[in-house]
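Working notes for the structure below.
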Amino acid sequence: MKKRGIGIGCGFYGTGYGNGFPDVSRARAKLETDGKIGIYVGATEVGQGAKTVLQQIAAEAMGVSIEDIKFYCESTENTPDAGTAAASRQTYNTGNAIKKACEALKEGLIYIAIDKLLLNSAVGIRVENKKVYLESYPQSAISFEDIAKALTEPLCFEESFTAGTTKMEEESGQGAPYWPYTFSVYGVEVEVDTQTGFVEVLKAVCAQDVGRAINPQLLEGQIDGGFSMALGYALMEDLRLTNGEIRNNRFSSYIIPTALDMPEVKKIIVEDPEVTGPYGAKGVGEPVMVAAAPAILNAIYNAVGVRMREIPVTPDRLLEALMEKE
Amino acid sequence: MLKQVGKAEIRVDGPAKVTGRASYPQDLYMAGMLYGKTLRSSKPHAEITIDTTEAEGLKGVIKILTFKDVPHNHYGVLFKDHEVFCSKKVRSIGDPIAFVIATSEKIAHMAIEKIKIDYRELPGVFDAIEAMQSDAPKIHDKGNLIYHYKLRRGNVESAFDRAAAVAENTYRTSMVDHAFLQPEAGLAYLEGSQVVVCVATQYPHFDRQEISEALALPLDRIKVINPAVGGAFGGREDITLQIHLALAAILIGRPVKAVYSREESFAAHSKRHPMVMTYKTAADAEGKLIAMEASIVGDTGAYASWAINVIRKAGVHATGPYVIPNVKVDSYVVYTNNPFAGAMRGFGATQVPIAHEQQMDILAEKLRLDPIEFRLKNCFKPGDRTATGQLLHHSVPLVECIDKVSEWMNQNTGADGGAIE
């Protein structure tokens, strides 16, 4: 017999290294000789979209489009240390460092423009479309390219950002160990085959706190990825450790979800800007995962009335639990 | 008005990846390149002696690296408890023992077969709770318990006494793999006074530091290049072949490449900590959570990696996103002879929801409350404090998230939230 059930899961995730450890990102913004903006930062693109999101932050700060950003992140030789691509920290931490470096570069450009345009103050100056000009007299403007040509030494600024956390008290664990916290809620509908023990997730929905969406499409990609990883965690993945040996050490036996196992996940992006985030953004790489697996477990209970306290809920485990219930 | 933020820009690295132009470490080739292959432990806990004589005599074998070749034979993100190559003892299956450098991959494989390892097996421990017993086999010189995180708020005992509903359960999660698409691979070569290591990593600057410490080389003599990365999820935080390749290139003076098979990849990188989580959660008659007590035991396998940080994150997140005035959490992490666990998406905060979210549904049922209504009564709102006393002063849109999910579920799912067959 097939039985259906629904379930919900809520989660939160504190960003960063945490516990007062210096969680530092460094970034450099430079005016390139062609008038484009060079961003130099040791932040890895692991597939999460860091290259795109961090360029959007730089472009926003400089008033240009991402085509005018040159982004370098692949070598220790020409990039400052931006910390690890982990702990959902790159958008938040490194995004902030890039924003600060760009703001410093922008100020540098303004001071050069004051000199070149014979202005008397930085007040009322705009930096936009790769030009610097007095807002009330836009016909006199200097382009980034012309500034670059006139430079005798490179115009480059390095800035850093350190997340604000405290070390927790030893005996009580009291303190402010992480910041910011990101919230996530999943709902799912499952269908359980009581004869085979097979669980199919029919529908899923995620409402994801993002602070501010830098790139909604990449956020949706993170939600799909987080859900599929949680689906494998809840129902499939098992190394089958036997006396320390991984028995399932290839994808013919270590089963992970495929596209055929994935329901369409309805994504609801919830914006509530984080004041310390770059343009209000929070990291989502891990938050998108935490609440999904328990939603599936709660839906299984709702469908067939058995509480699965051990994961993964493989068909044999579920059949055993169903038999015990009888 | 924001112009670039909020735009659905196509990922900038996308076109190169979908057209096959992106270079992953496995795609790199150099003239005169040699191939490296790692010999790994087949036993979970044993003293070893290594004899490479016969393998070294094989035609095409250039050199076989062992612990004797490494200036400082250790590495690790928190403690330096990994050996670059095991010297006297192996602590888990898959521990690297030697690295053969040969003119072809085939010869390197053949040489691996000819290295003789004399294993003198030691009793092993494969269960985290057993590993905490005083008579359990010791994985390292110190005891197996690495860290105990304590969270204390209010008084759980008196709160349990006045509870209208209590749920008490033990939950277990499994050890899982990141299953990233691209197995580890890398190429190292000399360039002037520098050794260049091309490898897919989450943190090139830290890899450089690990290589620097193990090889006793100043940082400016090492360059780490991070080409396209085929997924990571935490599995590329601890290094794998970085030091092996750098050392090989330095000692031989020629480019050296290594590519792991999927099976070797499973053996080489960290895993998600399995946890045993015993929870007691209580609510009053109005449906407000009043107390939670949890004991969490994590298995970090043979090496610490991020054990302390992971079990601390599990402890801090153990309540779930709910206001609970009385909380007592003890989270422990221990060594065993299992494959080592480290960072994986969620980092301790992925395991605890398996427990706290089922506890929430169990309590809701006992209180005859709708699970959503029960969560809305207890979830964090701006101005609330977490169990560590941290003030959530803004950007806490959890009620909105729950409402939106609930609304969508009501419109789009057929099953009835409360009904149990």
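It should be emphasised that the depicted structure is a prediction, and the values quoted were computed from it without experimental measurement. Every chain is numbered from 1 and lettered A, B, ... according to where its sequence line falls, protein lines coming before strand lines.
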Please flag which part of A/Tyr178 lies under 4.5 Å from any non-hydrogen atom of chain B: side chain, backbone, both or neither.
both
Residues passing the side chain to side chain contact (heavy atoms under 4.5 Å, CB included) test with B/Arg152, sequence neighbours excluded, are A/Ser172, B/Lys150, B/Lys328, B/Asp330
Contacting region of A/Ser65 [heavy-atom separation from chain B under 4.5 Å]:
both
Atom group of B/Ala200 that falls short of 4.5 Å from chain A, counting heavy atoms:
neither
Looking only at heavy atoms and a cut-off of under 4.5 Å, which of A/Gly49, A/Ala82, A/Ser184, A/Ala87 has the most pairs with chain B?
A/Gly49
Heavy-atom nearest pair, A/Pro294 first then B/Pro353, reads CB-O, 3.4 Å
Is there a donor-acceptor contact under 3.5 Å from the side chain of B/His394 to the main chain of A/Glu274?
no
Which answer fits A/Thr79, side chain, backbone, both or neither, if we ask what part of it has an atom under 4.5 Å from a heavy atom of chain B?
both
In terms of side-chain heavy atoms, does B/Glu365 have a donor or acceptor partner in A/Tyr301 at a distance below 3.5 Å?
yes
Is B/Ser92 in contact with chain A via its backbone, its side chain, both, or neither, using a 4.5 Å heavy-atom distance?
neither
Chain A contact via B/Arg375 - which portion, at a heavy-atom distance below 4.5 Å
side chain
Do you know which of B/Thr413, B/Asn412, B/Asn410 makes side-chain contact (heavy atoms from CB on, under 4.5 Å) with A/Ile6?
B/Thr413
B/Ile10 atom CD1: more than 12 heavy-atom contacts under 6.0 Å
no
Please check this pair: side chain of A/Thr84 against backbone of B/Tyr203, looking for a donor-acceptor N/O pair closer than 3.5 Å.
no
A/Leu218 portion near chain B, given a 4.5 angstrom heavy-atom threshold
side chain
Ring-plane angle category for B/Phe266 and A/Tyr254, please: parallel below 30°, perpendicular beyond 60°, tilted otherwise.
perpendicular
Derivation and outcome, salt bridge (charged side-chain N to carboxylate O under 4.0 Å, His left out), residues A/Glu237 and B/Arg272:
CA-CA 11 Å; A/Glu237 296 184 36; B/Arg272 189 188 290 289; over 6 Å; no
Can you say whether A/Ala50 sits under 4.5 Å from chain B via the side chain, the backbone, both, or neither, judging by heavy atoms?
neither
Using a 3.5 Å distance criterion without hydrogens, assess whether the side chain of B/Gln202 forms a donor-acceptor pair with backbone atoms of A/Ala86.
no
Does any heavy atom of chain B fall under 4.5 Å from the side chain of A/Val288, the backbone, both, or neither of them?
side chain
Let's test your reading of the structure: which of B/Thr170, B/Asn309, B/Asp127, B/Asp207 forms the most heavy-atom pairs below 4.5 Å with chain A?
B/Thr170
Which bit of B/Met275 is near chain A, if near means a heavy-atom gap under 4.5 Å: side chain, backbone, both or neither?
neither
Under a 4.5 Å cutoff for heavy-atom pairs, which residue among B/Arg172, B/Met360, B/Lys43 has the most contacts with chain A?
B/Arg172
Specify which of B/Asn226, B/Thr386, B/Val229 makes the most heavy-atom pairs with chain A at under 4.5 Å.
B/Asn226
Compare every heavy atom of B/Cys401 with every heavy atom of A/Asp209, then report the nearest pair and how far apart it is.
N-SG, 3.9 Å
Taking side chain as everything from C-beta outward and backbone as N, CA, C, O, which of these in A/Leu241 sits under 4.5 Å from a heavy atom of chain B? Side chain, backbone, both or neither.
side chain
Can you tell me if B/Gln358 uses its side chain to pair, donor with acceptor, with the backbone of A/Arg309 under 3.5 Å?
no
So, the part of A/Leu219 with a heavy atom under 4.5 Å from chain B: the answer is neither
What part of B/Tyr171 gets closer than 4.5 Å to chain A, counting heavy atoms only: side chain, backbone, both or neither?
both
Against chain B, label A/Pro180 side chain, backbone, both or neither, depending on which of its atoms sit under 4.5 Å from a heavy atom there.
neither
Pick one of side chain, backbone, both or neither for A/Ile311, based on which atoms fall under 4.5 Å of a heavy atom in chain B.
both
Using non-hydrogen atoms only, which part of A/Asn248 is less than 4.5 Å away from chain B: side chain, backbone, both, or neither?
backbone
Okay, B/His356 and chain A: the region with an atom under 4.5 Å from a heavy atom over there is side chain
Residue B/Ala179 versus chain A: region with a heavy atom under 4.5 Å:
both
Contact leader toward chain A among B/Leu391, B/Asn337, B/Leu398, where contacts are heavy-atom pairs under 4.5 Å
B/Leu398
Determine yes or no for a side-chain-to-main-chain donor-acceptor pair under 3.5 angstrom, with A/Arg4 supplying the side chain and B/Gly414 the backbone.
no
Using every non-hydrogen atom in the two residues, find where B/Arg11 and A/Thr52 come nearest and quote the distance to one decimal.
CA-OG1, 3.2 Å
Contact winner vs chain A - B/His178, B/Met344, B/His148, B/Gln194, heavy-atom pairs under 4.5 Å:
B/Gln194
Can any side-chain N or O of B/Gln4 pair as donor or acceptor with the backbone N or O of A/Glu60 at less than 3.5 Å?
no
Contact part of B/Val125 toward chain A, heavy-atom cut-off under 4.5 Å: side chain, backbone, both or neither?
neither
Sort A/Arg240 into side chain, backbone, both or neither according to what part of it lies under 4.5 angstrom from a heavy atom of chain B.
neither
Check whether A/Lys282 reaches the backbone of B/Ser395 with its side chain - one donor and one acceptor, N or O, closer than 3.5 Å.
yes
Cut-off 4.5 Å, heavy atoms of chain B, and the answer for A/Gln55 is side chain
Closest non-hydrogen atom pair, A/Cys10 against B/Tyr322
CB-OH, 3.3 Å
Is it true that a side-chain atom of A/Glu77 and a backbone atom of B/Lys223 form a donor plus acceptor pair closer than 3.5 Å?
no
Verify whether one side chain among B/Ser174 and A/Asp238 offers a donor that lies under 3.5 Å from an acceptor in the other.
no
A/Met229 versus chain B, heavy atoms under 4.5 Å apart: side chain, backbone, both or neither?
side chain
Count the heavy-atom pairs under 4.5 Å between each of B/Ile372, B/Ile225, B/Asp361 and chain A, then report the option with the highest count.
B/Asp361
Show the numbers, then the answer: is there a salt bridge (charged side-chain N to carboxylate O under 4.0 Å, His left out) between A/Arg250 and B/Glu263?
CA-CA 6 Å; A/Arg250 56 197 76 190; B/Glu263 291 84 340; 3.4 Å; yes
May I ask you to decide if the ring planes of A/Phe12 and B/Phe380 are parallel, tilted or perpendicular, using 30° and 60° as cut-offs?
perpendicular
